[in-house]
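Note that ligands are numbered from 1 as they come in the structure, with each ligand's atoms numbered from 1 the same way. Worth knowing before you read on, the calculation uses all heavy atoms, side chains too, and leaves out hydrogens, waters and symmetry mates. If you read the sequence from its start, that first residue is 1, and numbering goes on from there.
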Amino acid sequence: MTKILSLQNIQKAYKTKAETLNVLKGIDLDINQSEVVGIIGASGSGKSTLLHVAGLLDMADSGDVCINGQKVEFKSNDQVTKLRGQNIGFIYQFHHLLGEFTAIENVAMPAMIAGKSRTEALEKAEPLLKQFDIYKRKDHYPSQMSGGEQQRLAIARAFMNDPSIIIADEPTGNLDESLAHEVFEYLLNAAKLKKTACLIATHDMQLVKKMTVVYNLEKGKLSKVTVK
Ligand code: ADP
Ligand code: MG
């Protein structure tokens, strides 16, 4: 199996004047191609911190992050930015869409940022909009779309640069239950079709049932959870 993401003995603390908060205390995690890995854990347990480190948005205090077998050298900003742009798609709880751009422009944006021409990027965005059933809304602005459509749009955007892994922090956390499940199916189907690995933090124990493997983050460590 192709190893997409590997975290090795990741430690991270937040230091404030008053205290040091050890959030990650030695995290080891391997994610292979097509695997959907869930992270559960109480609020404040460090799920977002872990996802930020895994997604190269933040640096660990110690330990290694490898993407597609390549060790990330955090000292090189250029390498980090390039690895992130080429390999990782992000989905957040709140969609973070750009309000002044249309649906199709939002989806096309990561490709334009990566250097593709506008025409080429828009062309590549079309099938994604179709796949997420929002093609009809392609020229609408995010504010004109429903919550479920907005989140599907945000997910479509995450797939734009054909990432090897999608990192999602409570991707359906602001939707009601049935809508959350519907949106989540779109994410899973797209990931399956494209063989994209996923690392997903969630509170939703129903969603967790659909994942390959689930870990609980507690006291800075991961432990495997058996989901019934
Ligand atoms: P979760 O996503 O599981 O709710 P977080 O990773 O957001 O947890 O936070 C883990 C802990 O680290 C929390 O106690 C939070 O208050 C703290 N924390 C998060 N970010 C910072 C920061 N930038 N500075 C100081 N403490 C932080
Ligand atoms: Mg969080």
(message) What does the 4.0 Å heavy-atom contact list look like for ligand 1?
(response)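 Answer by chain and number: Tyr14, Leu21, Val23, Ala42, Ser43, Gly44, Ser45, Gly46, Lys47, Ser48, Thr49.
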(request) Look at the N, O or S atoms of Thr49, main chain and side chain alike, and state whether any lies under 2.8 Å from the Mg ion (ligand 2). (result)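 Given the 2.8 Å cut-off, Thr49 does not count as a ligand of the Mg ion (ligand 2).
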(request) Step through the shown structure and confirm whether more than 12 heavy atoms of other residues, nucleotides or ligands are within 6.0 Å of NZ on Lys3. (result)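 Count not over threshold, so no.
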(request) May I ask you to check whether over 12 heavy atoms, not counting those of Glu185, lie within 6.0 Å of atom CD? (result)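 Yes, the 6.0 Å shell around CD holds more than 12 heavy atoms from other groups.
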(message) Can you confirm whether the side chains of Asn68 and Asn87 place a donor and an acceptor under 3.5 Å from each other?
(response)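 Short answer, yes.
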(request) Verify whether one side chain among Thr16 and Glu19 offers a donor that lies under 3.5 Å from an acceptor in the other. (result)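 Short answer, no.
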(message) Regarding Lys124 and Asp162, does a basic nitrogen lie under 4.0 Å from an acidic carboxylate oxygen?
(response)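 So Lys124 pairs with Asp162 through a salt bridge.
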(message) Quick one, Tyr186 and Ile155 - any side-chain contact, counting heavy atoms below 4.5 Å?
(response)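 No; the side chains remain at least 4.5 Å from each other.
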